[in-house]
Protein chains: 2
Amino acid sequence: MKMLKEQSLHHLEIADYLIQCIRSGVYKVNDKIPSESELCHQFHVHRHVVRHAIHRITNLGWVTPVQGKGSFVSSKPKPILYALSSKTRFTENMESQGVQQYKNELLYWEQGMPTEEERQHLRLSMDDEVYRLEILRFIGKHPFSLATTVLPVEEFPDFDVHLDNYESLYQILIDAYHFQPIRSQSMLDAVLPSLVDAELLGIPENVPIVKIASIMNHPAGYPIEYSVARIRSDMHQCLIEF
Amino acid sequence: MKMLKEQSLHHLEIADYLIQCIRSGVYKVNDKIPSESELCHQFHVHRHVVRHAIHRITNLGWVTPVQGKGSFVSSKPKPILYALSSKTRFTENMESQGVQQYKNELLYWEQGMPTEEERQHLRLSMDDEVYRLEILRFIGKHPFSLATTVLPVEEFPDFDVHLDNYESLYQILIDAYHFQPIRSQSMLDAVLPSLVDAELLGIPENVPIVKIASIMNHPAGYPIEYSVARIRSDMHQCLIEF
DNA sequence: TAGTGGTCTAGACCACTAC
DNA sequence: TAGTGGTCTAGACCACTAT
């Protein structure tokens, strides 16, 4: 590679160099890239400069550092195409793509007052309560998305009794309430995860995720569910067909 | 605030503290937060720890550091709701929201061979050429989005003669070719910008953006335009109605 | 000139992994 | 035990802004 002589911005040149190595196949998926100290010697720079470079390519999704072991080239493709439409949900999406190994985990649930935002989206009055569920979805062994789902208590009597053996929210709605909410609108966003979300999703704190806030309607036409999903952007692309 | 006694992770506590200050109104929009050296004294930590904390809240969108001046609280709301549908384009979106001050700038254009991805999306054969435009859009004085738009040469004879006084791509298509492409599908992504894109969009390199790849069809039904837009996530939310 | 953020060197200690 | 990444202290020089 070309010599680095100019002052400053060494970290970006090292980051570019490492990306070129990965692109050109010098380091392949799941390979370990050289350790920080090896890169220090190679480039004659301080360790912090190398760390800065590795941080950048980590955030860009090229490598994943593992304490005590090294930094490893991430798997490149975004295998999951997550179709966003009025009817599709997580389960349908997985099955339409032939993904067999998925599962939901109900992290916790609560009954309480909605936030102002939730109240507005669900058109609730000031004393209406909601159920709030936190659901973690996996594809294979990898966390894929986190969703906060909010349901008006009034519309779902005795909802909590169905949560003991939670497997699928939509199974509950169909089995117990005999209807399926219809997505009426979604708002998408690129954000960085909170520290808690990053931990649960198994990604570094500076890797962007997609945030999708959706309003779901009762078949009769009024809003009945509000959900905010945070989805690993390194594992999926969101597909919208018109 | 509470004393920081535990070892390590000071930077996250300082970041949280600063966020709380902004949330609670101690520092308001466009206010300068304390300088790095002031925060060093306040927390009895080294400057690099403070910088780490400020980096985090910068990436989260709370502040924008300006060399020689300080770090300033960013404007909070995401004012632009960008509706994604089969017919809406940038211009319609701005006007439907009453945004008057927008403009497009054609950064450059070229005629050449498509990439493999472009060829597939546009269903071109191996010797078909394309026009490729790079367009920067502004809202007020702020860069808002960058778009790479690819058009088959064969479908747009003498396209380049219309680019001299570029104002709007869709004005050209309607005026010169008498049709308007229809969005058939979009794929959304949360990513970090390239260094060039970050520069053009006027954002730090670790602030996430939304990437929207769209295929537009000729009214007769076949693909006629492929575009990849990179949109500042701090300025907009993408709205989809079903 | 003084103050600010941006980058770099130098080196310490810790936690985790592998042997 | 040796090697790795994670965090922190200490201090240098630079570029930019304000006065």
Side-chain angles (χ1 to χ4, degrees), chain A residues 3-18 27 30-60 62-74 195 198-199 202-207, chain B residues 3-18 27 30-60 62-74 195 198-199 202-207:
Chain A
M3 277 310 292
L4 308 174
K5 46 192 183 311
E6 318 270 354
Q7 163 125 351
S8 123
L9 271 7
H10 280 181
H11 61 107
L12 291 178
E13 300 186 38
I14 296 172
D16 279 347
Y17 167 76
L18 291 171
Y27 310 124
N30 293 327
D31 279 2
K32 183 181 160 310
I33 67 171
S35 71
E36 293 179 354
S37 68
E38 285 175 303
L39 291 169
C40 292
H41 288 106
Q42 182 175 345
F43 290 97
H44 307 293
V45 293
H46 187 77
R47 184 177 162 221
H48 281 331
V49 179
V50 168
R51 283 180 62 72
H52 198 164
I54 292 180
H55 271 133
R56 169 133 184 101
I57 65 173
T58 300
N59 297 338
L60 287 170
W62 291 98
V63 301
T64 305
V66 180
Q67 193 175 35
K69 298 175 78 172
S71 293
F72 298 86
V73 177
S74 311
L195 295 177
E199 179 87 36
I203 54 174
E205 68 194 27
N206 280 309
V207 171
Chain B
M3 278 308 294
L4 307 174
K5 47 191 184 312
E6 319 270 354
Q7 162 124 353
S8 123
L9 270 9
H10 280 181
H11 61 107
L12 292 179
E13 300 185 38
I14 295 172
D16 279 347
Y17 167 76
L18 291 170
Y27 310 124
N30 294 326
D31 279 3
K32 183 179 160 310
I33 66 171
S35 70
E36 293 178 352
S37 67
E38 284 175 303
L39 291 169
C40 291
H41 288 106
Q42 182 175 345
F43 290 98
H44 308 293
V45 293
H46 187 77
R47 185 177 162 219
H48 281 332
V49 179
V50 168
R51 282 180 63 72
H52 198 164
I54 291 179
H55 271 133
R56 169 132 184 102
I57 66 173
T58 299
N59 296 339
L60 287 170
W62 291 98
V63 301
T64 304
V66 180
Q67 195 174 32
K69 297 176 77 172
S71 293
F72 299 85
V73 176
S74 312
L195 295 177
E199 179 88 36
I203 53 173
E205 68 194 27
N206 279 310
V207 171

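Since we're looking at a predicted model, the values are computed, not measured. Order of the sequence lines fixes the chain letters, A, B, ..., with proteins taken first and strands second; residue numbering starts at 1 for each chain.
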To the side chain of R47(B), which of dT9(C), dT9(D), dG5(C) is closest?
-> dG5(C)
Do L39(A) and Q42(A) touch side chain to side chain, with heavy atoms closer than 4.5 Å?
-> yes
Considering only side-chain heavy atoms of H46(A), which listed nucleotide, dT7(D), dT9(D), dG11(C), is closest?
-> dG11(C)
side-chain contact (heavy atoms from CB on, under 4.5 Å) with V63(A): of L18(A), D31(A), I33(A), only one passes, and it is I33(A)
Give a yes/no on whether any side-chain N or O of S35(B) is located under 4.0 angstrom from OP1 or OP2 of dT4(C).
-> yes
Close side-chain approach of L195(B) and R56(A), heavy atoms under 4.5 Å | yes
Paired stems touching DNA chain C, three or more consecutive Watson-Crick or G-U pairs with both distances under 3.5 Å?
-> C:1-18 with D:1-18
On the 0 to 90° scale, with breaks at 30° and 60°, tag the F43(A)-Y17(A) ring pair as parallel, tilted or perpendicular.
-> perpendicular
Could you tell me whether the phosphate oxygens of dG3(D), OP1 or OP2, come under 4.0 Å of any side-chain nitrogen or oxygen in S37(A)?
-> no
Select one nucleotide: of dG5(D), dT9(D), dG6(C), the one nearest the side-chain heavy atoms of R51(B).
-> dG6(C)
Would a distance-only check, ignoring hydrogens and angles, find a side-chain to backbone donor-acceptor pair under 3.5 Å from H55(B) to R51(B)?
-> yes
Quick one: H11(B) NE2 to dG6(D) C1', roughly how many Å, whole number?
-> 8 Å
When the distance from CD of E36(B) to C1' of dC14(D) is rounded to whole Å, what number comes out?
-> 14 Å
Just how far, in rounded Å, is P of dG6(C) from CD of E205(B)?
-> 11 Å
Tell me: NE2 of H52(A) to P of dG5(D), nearest whole Å?
-> 17 Å
With side chains defined as the heavy atoms from C-beta onward, is the minimum distance between S71(A) and T58(A) less than 4.5 Å?
-> no
Let me know the distance between NE2 of H41(B) and P of dT9(D), rounded to the nearest Å.
-> 13 Å
Close N/O contacts between protein and nucleotides 17-19 of chain C (under 3.5 Å):
| residue | atom | partner | partner atom | Å |
| --- | --- | --- | --- | --- |
| dA18(C) | OP1 | K69(A) | NZ | 3.3 |

Rounded to the nearest Å, what distance is computed from the CG atom of residue L195(B) to the P atom of nucleotide dG6(C)?
-> 15 Å
Check the pair N206(B) / N59(A) against side chain to side chain donor-acceptor pair (under 3.5 Å), numbers first and verdict last.
-> CA-CA 8 Å; N206(B) 279 310; N59(A) 297 338; 3.3 Å; yes
Side chain of H48(B) - closest among dT7(C), dG5(D), dT4(C) = dT7(C)
Could you give the CG-to-C1' distance, from N206(A) to dG6(D), as a whole number of Å?
-> 14 Å
Residues in side chain to side chain contact (heavy atoms under 4.5 Å, CB included) contact with E38(A), at least two apart in sequence or another chain = K32(A), P34(A), S35(A)
Interatomic distance where NZ belongs to K32(A) and P belongs to dC16(C) [whole Å] | 19 Å
Close side-chain approach of H48(B) to H48(A), heavy-atom, < 4.5 Å = no
